[in-house]
Amino acid sequence: MREKQIMAQFMTLPEAVAQNLNSGDTVAFEGFTHLIPHASAHEAIRQGIKDLTLVRMTPDVIYDQLIGMGMVKKLIFSYAGNPGVGLLRRLRDAVENGWPHKLEIEEHSHAAMANAYEAGAAGLPFAAFRGYKGAELAKVNPNIKSVTCPFTGEELAAVPAIRPDVTFIHAQKADRKGNVLIEGIVGVQKEAVLAAKRSVVTVEEIVDHLSAHPNACVLPGWTVSAICEVPGGAHPSYAHGYYSRDNASYIAWDKIAAERDTFLAWMKDNVLEAKPEDFADRISHLRSPA
Amino acid sequence: MREKQIMAQFMTLPEAVAQNLNSGDTVAFEGFTHLIPHASAHEAIRQGIKDLTLVRMTPDVIYDQLIGMGMVKKLIFSYAGNPGVGLLRRLRDAVENGWPHKLEIEEHSHAAMANAYEAGAAGLPFAAFRGYKGAELAKVNPNIKSVTCPFTGEELAAVPAIRPDVTFIHAQKADRKGNVLIEGIVGVQKEAVLAAKRSVVTVEEIVDHLSAHPNACVLPGWTVSAICEVPGGAHPSYAHGYYSRDNASYIAWDKIAAERDTFLAWMKDNVLEAKPEDFADRISHLRSPA
Amino acid sequence: MSQTDFTPTEMMTIAAARALKNTDVCFVGIGAPSAACNVARLTHAPDVTLIYESGTIGTAPSVLPLSIGDGELSETAVTTVSVPEMFRYWLQGGRVTVGFLGAAQIDRFGNINTTVIGDYDHPKTRLPGGGGAPEIASSCGEIFITLKQSRRAMVEKIDFFTSFGHGEGGDHRARLGITTKGPTLMVTDLAVWRTDPVTHEFTVVLLHPGVTREMVQAECGWTVRFADELGETPSPTEIELKTLRDLNARTKAAHSGGKTGEAA
Amino acid sequence: MSQTDFTPTEMMTIAAARALKNTDVCFVGIGAPSAACNVARLTHAPDVTLIYESGTIGTAPSVLPLSIGDGELSETAVTTVSVPEMFRYWLQGGRVTVGFLGAAQIDRFGNINTTVIGDYDHPKTRLPGGGGAPEIASSCGEIFITLKQSRRAMVEKIDFFTSFGHGEGGDHRARLGITTKGPTLMVTDLAVWRTDPVTHEFTVVLLHPGVTREMVQAECGWTVRFADELGETPSPTEIELKTLRDLNARTKAAHSGGKTGEAA
């Protein structure tokens with residue numbers, strides 16, 4: 001049984017990060033191409049939180065940034081790349097050269113991670129699935145084990161449930177009771193929130209009523225710790241119905257991240273000296289027609 | 001790997017039952033109060049298909065009817081009752097008195113059945129969940145076993161996946177490609193269809209476009225064997241957006257099913273000598289305002 | 001202002017409703033629990049989250065559902081999820097603070113039978129079975145039970161352990177590795193019972209107005225334990241009674257009209 | 001009418017597209033596989049079901065997605081499900097007939113490495129990792145692979161078994177209890193390869209127009225096997241080429257405009 005649930009609290013993003021993310025935490029900033037919580041990750045960087053264990057199926061630009069800023073002790077993941085562009089250069093620098101410091105790696109397949117989040121949401125200690133057959137990750141990752149079906153004798157792969165200390169996601173809307181609506185490509189965000197001890201949701205807007213389809217992906221307010229209105233908070237990722245993906249920014253990142261000094265200069269200008277309110281400007285030219 | 005998928009075929013309900021349901025099959029007529037496939041069960045009764053193993057979380061009136069007509073060898077279930085009314089009298093007569101013949105019982109909890117359908121849909125041989133603790137069903141049902149978490153050592157309950165030969169469901173709509181939309185209380189129907197070798201879906205109407213929410217509960221046409229347009233096909237259950245539940249019929253069933261001869265007379269008049277097209281009339285007074 | 005003109009069933013429902021808090025997330029059984037939970041929502045606990053096993057989360061029906069899957073539950077819910085998700089993410093996920101159950105047969109330790117009367121393989125009466133109860137009993141933070149007292153329902157020894165309460169009492173739950181509290185409260189038409197913190201036997205702590213110890217014992221199949229400091233259940237307030245009666249009247253009108261399922 | 005003016009990459013994409021049937025359910029990798037799958041859909045296989053691991057089922061994008069989660073995939077899909085459901089019900093559930101993969105490094109038995117160049121713990125180059133590939137390779141009915149040939153990509157021995165093809169060949173899949181076919185087809189910019197039914201080694205069965213055996217061997221790190229009856233890949237038809245070029249032009253216009261993600 002979890003601790004008694006309370007209604008989501010509305011607050012600023014700096015407050016939400018300060019109250020919910022601590023150095024040493026295991027944290028997921030989840031998003032599957034769509035709705036990636038850039039604003040939250042940038043706020044975590046500004047607050048200088050250290051020794052994080054980062055979890056995500058598809059670490060991309062924000063994880064490159066967190067790693068490059070030296071905030072990450074360990075990365076648990078299944079595919080690390082800049083979608084449609086290439087490799088993550090800060091991640092490579094950490095893994096290949098130990099800069100700015102060494103990075104511990106726990107690597108899975110997508111199926112394993114998706115099942116592990118699902119098991120976390122379902123309160124189970126592990127997930128069983130048919131996977132990793134002949135795959136070498138099972139040899140280098142001691143957290144890949146097996147269970148045997150008590151009815152058929154089939155051996156299945158087993159991985160521990162993912163249970164982050166805190167999960168950050170970005171969503172389209174919340175209503176005034178803190179109920180959150182996610183639409184379109186919903187990814188693994190519902191599971192990532194339900195699996196976590198605490199959760200922070202940034203949203204494009206807060207509305208009186210969600211007017212959601214009965215079977216839409218909705219997180220009730222009492223499953224969320226904090227809600228912050230941060231328009232554009234997914235940029236350069238996108239928010240279905242609000243603004244499109246800023247592909248130019250993803251392409252530009254490859255060059256920015258290529259060298260340590262260009263990376264650090266960019267982080268200073270665009271993250272350390274910026275604030276959550278800046279995201280709204282960044283997506284003004286990408287807004288969807290109303 | 002399943003056999004190659006083909007697009008759902010549109011046909012009449014008598015054709016769909018004849019082509020997909022055989023004596024000796026394991027069959028699920030699923031529905032969770034909402035969207036119960038009455039018309040399909042009645043057609044199965046008319047075709048006199050025997051020796052069935054019936055599966056369902058919540059067997060109610062149609063299972064009482066199938067059992068009372070002597071078509072059922074075994075029942076796999078978790079809650080057998082006439083919702084809001086009382087017990088199932090034909091089921092009781094079979095279990096307590098062996099009329100019209102003995103009935104084999106495999107009894108689970110809802111959590112076990114829901115997980116077992118989910119495992120069937122997911123292609124797994126079994127489902128693991130935290131359940132049956134101190135519950136006596138685990139002593140009388142040999143299909144309740146356990147697995148041990150390889151990470152924590154916790155012992156969890158395990159049940160075999162449900163994999164029906166055929167699943168029947170009722171849904172609101174299909175489009176002309178056979179894609180099926182289920183809205184409102186969706187129950188375990190998606191899992192029951194995906195877990196089955198074959199599936200028959202009766203729908204209120206066939207439309208040009210589903211116009212479904214991106215994250216609505218939709219079964220693509222290539223996951224369904226046959227689609228039959230049977231307006232009112234859930235009566236006396238209901239179809240969200242089309243017609244309401246006929247509570248009077250559920251209450252009346254208790255008296256009809258109380259005695260063998262009143263039961264048989266009712267079945268003759270309302271099932272054996274009726275046809276799928278009769279369902280439309282039965283819901284005319286229950287239609288939702290447009 | 002408290003009322004004096006009320007039935008034992010009304011007192012039962014209202015006393016049960018009072019036990020729910022505004023912050024609770026409650027898995028609602030059908031029948032008496034459903035009435036109590038909705039009275040709570042309509043009086044002191046407007047933000048209580050009611051969950052029915054049909055997948056409806058945060059539902060606020062205007063009439064009591066006849067079944068756990070009535071259409072209005074989905075129409076008024078914050079969200080409606082699939083049944084597998086309900087049992088995996090929400091119940092097993094540890095999200096539910098209170099499970100509210102009825103009982104066909106119950107013993108002094110809150111063990112419940114809704115499976116069979118008589119032998120399992122050759123039952124005298126085949127009951128509906130457990131449904132969600134086995135895992136509700138083990139996964140919810142605590143369990144509230146409400147039922148009308150009778151010697152047939154409240155028995156020395158139940159015929160079948162459909163759902164586990166405190167077993168043979170004491171630390172039996174803990175010995176089975178169950179970490180939730182189990183039954184902590186029982187509200188009948190005669191009294192409010194709490195489980196003893198050590199023996200985990202149900203103990204009468206409040207008698208409803210006008211009820212005596214003897215009346216409670218007369219309708220109970222085991223020797224009843226009474227608390228040393230036995231109190232009286234506060235009578236229903238005017239607003240509690242009006243809320244319950246209005247709810248029942250709306251429910252009766254809706255269900256007899258034959259148009260309950262949904263009205264989209 | 002077949003065309004003579006086309007690039008090797010165009011030939012590769014079109015030859016790969018031809019392998020998909022109208023009844024296939026295809027799990028689409030990003031990059032070259034995505035182009036091939038959408039050309040198939042826009043030419044001979046209008047009802048092919050394309051699934052991307054972001055959860056979009058039956059998608060029909062007008063431009064090629066830059067990532068597996070572009071907004072248009074969801075907008076045009078029959079349905080969009082969660083990622084756990086995608087991997088559980090759809091991939092593991094045995095619903096996918098063809099998995100279409102690219103490869104950073106591949107060997108003659110269709111084993112693929114997208115994890116590291118060099119040692120795993122001290123890599124020379126850290127690649128993105130497997131993503132969905134390990135279970136796509138084992139759960140789909142069969143696997144099609146498409147990549148541009150080079151000695152760096154097509155190697156005698158891969159550095160890491162990210163996803164399993166036919167292992168060391170022969171019945172290696174069966175010995176591991178894998179019941180699906182694994183890699184059956186590889187389409188490069190120079191040739192079409194099929195796996196030998198016994199050894200399961202990739203064998204060139206068709207050379208693209210103008211390509212020689214020597215050209216194939218020059219860009220492959222292992223000693224290439226050629227079929228006894230070696231054929232020539234039919235040149236792209238006018239409609240195939242126009243379809244691919246229009247798709248690429250639309251894609252380029254959309255992605256350079258910075259407004260790809262979605263446009264609801």
Side-chain angles (χ1 to χ4, degrees), chain A residues 31-34 57-58 77-81 83-85 87-88 91-92 95-96 107-112 114-115 117-118 121 129-137 140 154-155 184-191 217 237-250 285-286 288-289, chain D residues 30-31 53-56 65-71 73-75 80-88 91-92 111 115 120-135 137-139 160-165 167 172-173 176-178 255-264:
Chain A
F32 214 79
T33 308
H34 182 209
M57 292 184 66
T58 54
F77 77 108
S78 42
Y79 184 93
V85 180
L87 304 176
L88 294 179
L91 167 64
R92 283 189 59 187
V95 172
E96 297 167 16
E107 188 170 0
H108 287 279
S109 67
H110 275 354
N115 275 288
Y117 270 124
E118 205 275 356
F129 64 106
R130 189 177 294 109
Y132 284 132
K133 286 182 189 264
E136 198 167 344
L137 274 182
V140 298
E154 181 181 354
E155 196 175 280
I185 291 177
V186 296
V188 71
Q189 284 97 303
K190 183 176 184 174
E191 287 76 13
C217 181
S237 171
Y238 71 102
H240 191 110
Y242 289 83
Y243 50 91
S244 57
R245 192 167 188 265
D246 188 353
N247 291 317
S249 288
Y250 280 96
H285 66 298
L286 302 161
S288 309
Chain D
I30 210 67
E53 65 192 7
S54 53
T56 53
L66 194 69
S67 82
I68 46 83
D70 276 20
L73 295 175
S74 176
E75 282 160 29
T80 300
V81 302
S82 75
V83 166
E85 179 180 324
M86 174 53 64
F87 282 95
R88 289 176 69 82
L91 182 60
Q92 183 176 263
N111 304 299
T115 303
Y120 182 78
D121 289 319
H122 307 283
K124 189 160 150 283
T125 307
R126 173 65 229 196
L127 300 171
E135 285 74 23
S138 57
S139 292
F160 194 86
F161 269 57
T162 305
S163 66
F164 192 80
H172 200 168
R173 278 179 84 82
L176 294 185
I178 308 174
H255 290 192
S256 62
K259 272 241 186 192
T260 320
E262 64 84 56

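Just so you know, these numbers use all the heavy atoms, side chains as well, and skip hydrogens, waters and symmetry mates. All figures in this text were calculated on a predicted structure; none of them were measured in a lab. A note on names: the letters A, B, ... follow the listed sequences, proteins ahead of strands, and every chain is numbered from 1.
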Only pairs of heavy atoms separated by less than 4.5 Å count here; which of [options] has the most with chain D?
options: Ala135(A), Ala114(A), Ala111(A); value: Ala111(A)
options: Cys217(A), Ser237(A), Ser78(A); value: Ser78(A)
options: Gly187(A), Ser249(A), Gly84(A), Gly184(A); value: Gly187(A)

With chain A, which of [options] has the greatest number of heavy-atom pairs at distances under 4.5 Å?
options: Glu135(D), His122(D), Lys124(D); answer: Glu135(D)
options: Gly131(D), Pro84(D), Gly130(D); answer: Gly131(D)
options: Pro128(D), Pro123(D), Ser163(D), Ser74(D); answer: Pro128(D)

With distance as the sole test, does Glu96(A) use its side chain to make a donor-acceptor pair with the main-chain N or O of Arg126(D) at under 3.5 Å?
yes
Spacing of [atom1] belonging to [X] relative to [atom2] belonging to [Y], to within rounding of 0.5 Å:
X: Leu137(A); Y: Thr115(D); atom1: CG; atom2: OG1; result: 5.5 Å
X: Arg130(A); Y: Ser138(D); atom1: CZ; atom2: OG; result: 9.0 Å
X: Arg92(A); Y: Leu127(D); atom1: CZ; atom2: CG; result: 7.5 Å
X: His110(A); Y: Leu91(D); atom1: NE2; atom2: CG; result: 11.5 Å

Chain A heavy atoms under 4.5 Å from [X]: which part of the residue, side chain, backbone, both or neither?
X: Thr56(D); value: side chain
X: Phe87(D); value: side chain
X: Glu85(D); value: neither

Quick one: what part of [X] sits under 4.5 Å from any heavy atom of chain D, side chain, backbone, both or neither?
X: Ile185(A); value: both
X: Tyr117(A); value: neither
X: Phe77(A); value: side chain

From Glu118(A), Lys190(A), Glu191(A), Gln189(A), residue fulfilling side chain to side chain contact (heavy atoms under 4.5 Å, CB included) relative to Ser82(D):
Glu191(A)
How far apart are the closest heavy atoms of Ser67(D) and Arg245(A), and which atoms are they?
CB-NH2, 4.2 Å
Which atoms form the tightest heavy-atom contact between Asp70(D) and Tyr238(A), and what is the distance?
C-OH, 3.2 Å
Using side chain to side chain contact (heavy atoms under 4.5 Å, CB included), reason through Tyr250(A) and Leu66(D) one step at a time and then give a plain yes or no.
CA-CA 10 Å; Tyr250(A) 280 96; Leu66(D) 194 69; 5.6 Å; no
Under 3.5 Å side-chain donor-acceptor pair for Glu136(A) and Tyr120(D):
no
